[in-house]
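Below is one structure; the comments refer to it alone.
What you see below is based on every heavy atom in this structure, not just the backbone, and it leaves out hydrogens, waters and symmetry mates.
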Amino acid sequence: MEGADSRGVDPRATDGGTLPGADEGDGADEPARVVLHVDMDCFYASCERLRRPDLRGEPVVVGMGYEPGETIGAVATASYEARAFGVESATPISEALDRLPRRADADPDDPDAPDPDETGRYLPVDMAFYESVAEDVKAVLRDCADVLREVSVDEAYLDVTDRTAWDAVGGDDPASSAAAGPAEVRTLAEGYARHVKERIEREAGVPASVGVAPNMSAAKVASDADKPDGLVVVPPGAVAEFLAPLPTAALHGVGPVTERALAERGIETAGDVAAADADALAEAFGDRGRELVRRARGEDEREVTPRGLPKSLSRESSLPRTSDEERKRETVAALAADVARRARERGCLYRTIGIKAVEPPFDVNTRARSLPGPVDDPELVEEVALELLSEFADDAVRKLGVRVSNLDFSEGDQATLGGFEGAARGDEEDRPAGSRPAGSRSAAGRDGSKLTDWVDEESTAGEEWDGGDRGNGGDDAGPRRSEEGQASLGDWE
DNA sequence: TCTGGGGTCCTAGGACCC
DNA sequence: TCTGGGGTCCTAGGACCC
């Protein structure tokens with residue numbers, strides 16, 4: 001509160017000025033952006049509470065792969081009450097049950113049964129319902145920002161520079177900030193963020209934490225800094241100072257491996273990263289190292305942009321460790337069918353088909369094959385996937401996956417552009433095995449069988465397909481046409 | 001410590017082309 | 001042909017995120 005020193009808001013903001021333009025102090029004369037990161041608090045658990053008020057205040061654990069009464073699966077989300085018992089996201093359900101028994105197993109009259117006060121409610125994931133709640137949240141966000149990037153079902157960035165500013169409120173006597181974080185003076189941005197946060201709670205019925213900062217990276221860290229129900233404001237000029245004391249792992253992009261590698265170099269905090277020699281870190285970590293230094297210094301010029309179309313679709317599932325070839329083939333066939341179905345629902349073609357085989361303890365193997373041209377051909381997905389699997393025919397696996405990538409949304413067939421409501425849905429189920437679906441599309445035109453041939457021998461079809469530059473460097477060359485194709489479930493856009 | 005499913009991006013080596 | 005350089009595409013794996 002004291003010492004209106006260099007930190008905090010740009011001095012001009014404190015004079016109650018209405019000029020839209022506290023700048024970064026960086027030389028640039030564009031006004032500092034106002035970026036919000038909205039992060040829903042234990043979203044799945046909050047959704048469950050929304051429809052089951054009896055769960056409020058209770059430890060709630062939402063498990064994926066979990067069936068009521070079972071001990072399989074892992075924790076997708078734990079409410080904060082459950083976290084107090086050591087139940088974290090990704091904890092195996094069996095372990096979670098050790099720390100926090102099921103309420104159903106409690107019995108006050110049985111000395112051997114758990115104390116009801118030390119039990120929790122376990123529920124399976126109900127994605128469809130969470131998506132419907134997320135829709136309500138999104139409606140608020142869309143209303144509050146011109147530029148919105150939905151990161152996942154429970155997280156989004158908003159650029160609200162055009163809706164608010166870093167100017168202080170309070171006229172000659174600026175009000176002090178009511179938010180957590182380094183802000184000393186209350187700003188318009190803080191008020192706007194609070195407004196967004198309250199609207200989410202009011203209109204969607206679930207709590208959110210919000211971070212406000214001049215860039216995405218800082219906003220992300222800020223939203224995380226005071227969870228749950230947090231509002232953290234980091235004004236321009238205060239970013240590096242805000243980050244400095246945090247452990248490196250608090251930076252977006254620093255996981256366990258990088259954290260360890262940094263620690264070996266005596267780098268423990270974001271401040272240490274900011275002070276590090278960028279070239280030295282680049283040598284150790286590649287471009288990521290350089291980027292990390294910039295982020296830790298509060299520099300991040302990335303624009304908030306809407307998320308583009310997906311780059312791959314995949315499906316995987318764990319299974320009890322097995323070497324049984326038939327079992328593996330059945331699993332892969334089922335996964336392949338599912339991936340192909342989803343691709344068709346979204347109206348996209350794919351040119352690469354791959355599998356993943358995880359061997360115990362945790363040996364991840366991937367294999368992939370690219371086709372001469374993009375296709376929509378469920379039977380080909382199965383065929384290629386099974387062929388790739390054959391390399392692992394004798395190996396024990398604990399998880400299998402199928403993926404399609406090199407997606408192409410531009411060739412959208414009118415019949416399927418409507419997404420899941422299109423022809424895609426029911427028409428493939430009873431198709432006789434072995435017959436090419438009538439709806440099978442392939443940019444190859446001609447007969448689909450050629451593609452199959454190609455799969456079996458490393459054949460020659462490739463040449464005709466060298467369609468010239470595919471312009472690798474995939475970075476979003478902007479959205480391609482047929483945005484409708486993505487109007488599918490499970491996605492924020 | 002041995003947990004699940006859906007993704008993204010990056011890197012490195014090899015094949016191939018000019 | 002074995003010596004140079006530049007570029008793209010493909011595959012496999014790694015790290016990370018939610």
Q) Is the closest basic N to carboxylate O distance between A:Glu81 and A:Arg49 below 4.0 Å? A) yes
Q: Give A:Ser89 one of three labels, base, sugar-phosphate or nothing, depending on what nucleic acid heavy atoms sit under 4.0 Å from its own.
A: nothing
Q.
Rounded to whole Å, please give me the gap between CD in A:Glu95 and C1' in B:dT3.
A. 9 Å
Q) Want to settle it: does A:Asp338 or A:Phe362 sit nearer the 5' end of DNA chain B, counting the closest nucleotide to each? A) A:Phe362
Q. With respect to the phosphate group of B:dG5, does any side-chain polar atom (N or O) of A:Ser317 fall under 4.0 Å of OP1 or OP2?
A. no
Q. Between C:dC10, B:dG7, B:dT3, which one does the side chain of A:Ala90 approach most closely?
A. B:dT3
Q | Side chain of A:Arg367 (C-beta onward), nearest among C:dC18, C:dA12, B:dG5 | A | C:dA12
**Q.** Lys/Arg-Asp/Glu bridge criterion (N-O < 4.0 Å) met for A:Arg99, A:Glu95
**A.** yes
Q. Is there a donor-acceptor contact under 3.5 Å from the side chain of A:Thr269 to the main chain of A:Asp272?
A. yes
Q.
Heavy atoms only, 4.0 Å cut-off, all strands: where does A:Gly65 land among base, sugar-phosphate and nothing?
A. nothing
Q. What's the CZ-C1' distance between A:Arg99 and B:dT3, to the nearest Å?
A. 12 Å
Q.
Between A:Lys220 and A:Asp300, does any side-chain N to carboxylate O distance fall below 4.0 Å?
A. no
Q: Provide, to the nearest angstrom, the distance between the CE atom belonging to A:Met216 and the P atom belonging to C:dC18.
A: 12 Å
Q. Below 4.0 angstrom from OP1 or OP2 of C:dG13, is there any side-chain N or O of A:Thr366?
A. yes
Q) Is the closest basic N to carboxylate O distance between A:Glu291 and A:Arg288 below 4.0 Å? A) no
Q: Return the value, rounded to whole Å, for the distance between atom CG of A:Asp363 and atom P of B:dC2.
A: 17 Å
Q. Given B:dG5, C:dA15, C:dC10, which nucleotide is nearest the side-chain atoms of A:Val257?
A. C:dA15
Q) Is A:Val75 touching bases, backbone alone, or none of the nucleic acid, heavy atoms closer than 4.0 Å? A) nothing
Q. Taking atom types as modelled and ignoring hydrogens, do the side chains of A:Glu303 and A:Thr305 form a donor-acceptor contact shorter than 3.5 angstrom?
A. no
**Q.** A:Arg52/A:Glu48 salt bridge by N-O under 4.0 Å criterion
**A.** no
Q: Taking atom P in both B:dC2 and C:dC18, compute the distance separating them and give it to the nearest angstrom.
A: 24 Å
Q | Closest listed nucleotide, where the reference is the side chain of A:Thr258 and the choices are C:dA12, B:dG4, C:dA15 | A | C:dA15
**Q.** A:Pro310 side-chain proximity, nearest of B:dT8, C:dC10, B:dG6
**A.** B:dT8
Q. Salt bridge or not for A:Lys197 and A:Glu201, using N-O below 4.0 Å?
A. no
Q: Report which part of the nucleic acid A:Leu251 touches: base, sugar-phosphate, or nothing (heavy-atom distance under 4.0 Å, all strands).
A: sugar-phosphate
(Q) Can you tell me if A:Arg315 touches the phosphate of B:dG6, counting only side-chain N or O atoms and a distance under 4.0 Å to OP1 or OP2? (A) yes
Q. CZ of A:Arg403 versus P of B:dG5: gap in Å, rounded?
A. 14 Å
(Q) Taking only side-chain N and O atoms of A:Arg288, does any of them lie within less than 4.0 angstrom of OP1 or OP2 on C:dG14? (A) no
Q) Nearest-Å distance, CG (A:Asp154) to P (B:dG5)? A) 19 Å
Q.
Pairs counted only when both distances fall under 3.5 Å, Watson-Crick or G-U: show me the 5' to 3' dot-bracket for DNA chain C, [ ] for pseudoknotted crossings and | for other-strand partners.
A. ....||||||||||||||
Q) In terms of side-chain heavy atoms of A:Arg398, which of C:dC18, B:dT11, B:dT3 is nearest? A) B:dT3
Q) Between A:Ser318 and B:dT3, is there a side-chain N or O to OP1/OP2 distance below 4.0 Å? A) no
Q: Over 60° means perpendicular and under 30° means parallel, so classify the ring planes of A:Tyr44 and A:Tyr130, tilted if in between.
A: parallel
Q) Which part of the nucleic acid does A:Pro256 contact within heavy-atom distance under 4.0 Å: base, sugar-phosphate only, or nothing? A) sugar-phosphate
Q. Please give, in whole Å, the distance from B:dC2 P to A:Asp98 CG?
A. 13 Å
(Q) Need one value for A:Thr91: base, sugar-phosphate or nothing, where a base atom within 4.0 Å counts as base even if backbone is also close, heavy atoms only. (A) nothing
Q. Relative to the 5' end of DNA chain B, which residue comes earlier, A:Ser312 or A:Gly286, by the nucleotide with the nearest heavy atom?
A. A:Ser312
Q) Could you state the CD-C1' distance from A:Glu391 to C:dT11, rounded to the nearest angstrom? A) 12 Å
Q. Counting just side-chain N and O atoms, does A:Arg342 come under 4.0 Å of either OP1 or OP2 of B:dG7?
A. yes
Q: Could you check which of B:dG7, B:dT11, B:dG5 has an atom nearest any side-chain atom of A:Asp287?
A: B:dT11
Q.
Would you say CD of A:Glu203 has more than 12 non-hydrogen atoms from neighbouring residues, nucleotides or ligands within 6.0 angstrom?
A. yes
Q. Contact class for A:Ile93 vs. all strands (heavy atom < 4.0 Å): base, sugar-phosphate, or nothing?
A. nothing
Q: Go through B:dG6, C:dT11, B:dG5 for me and flag the one nearest to the A:Lys399 side chain.
A: B:dG5
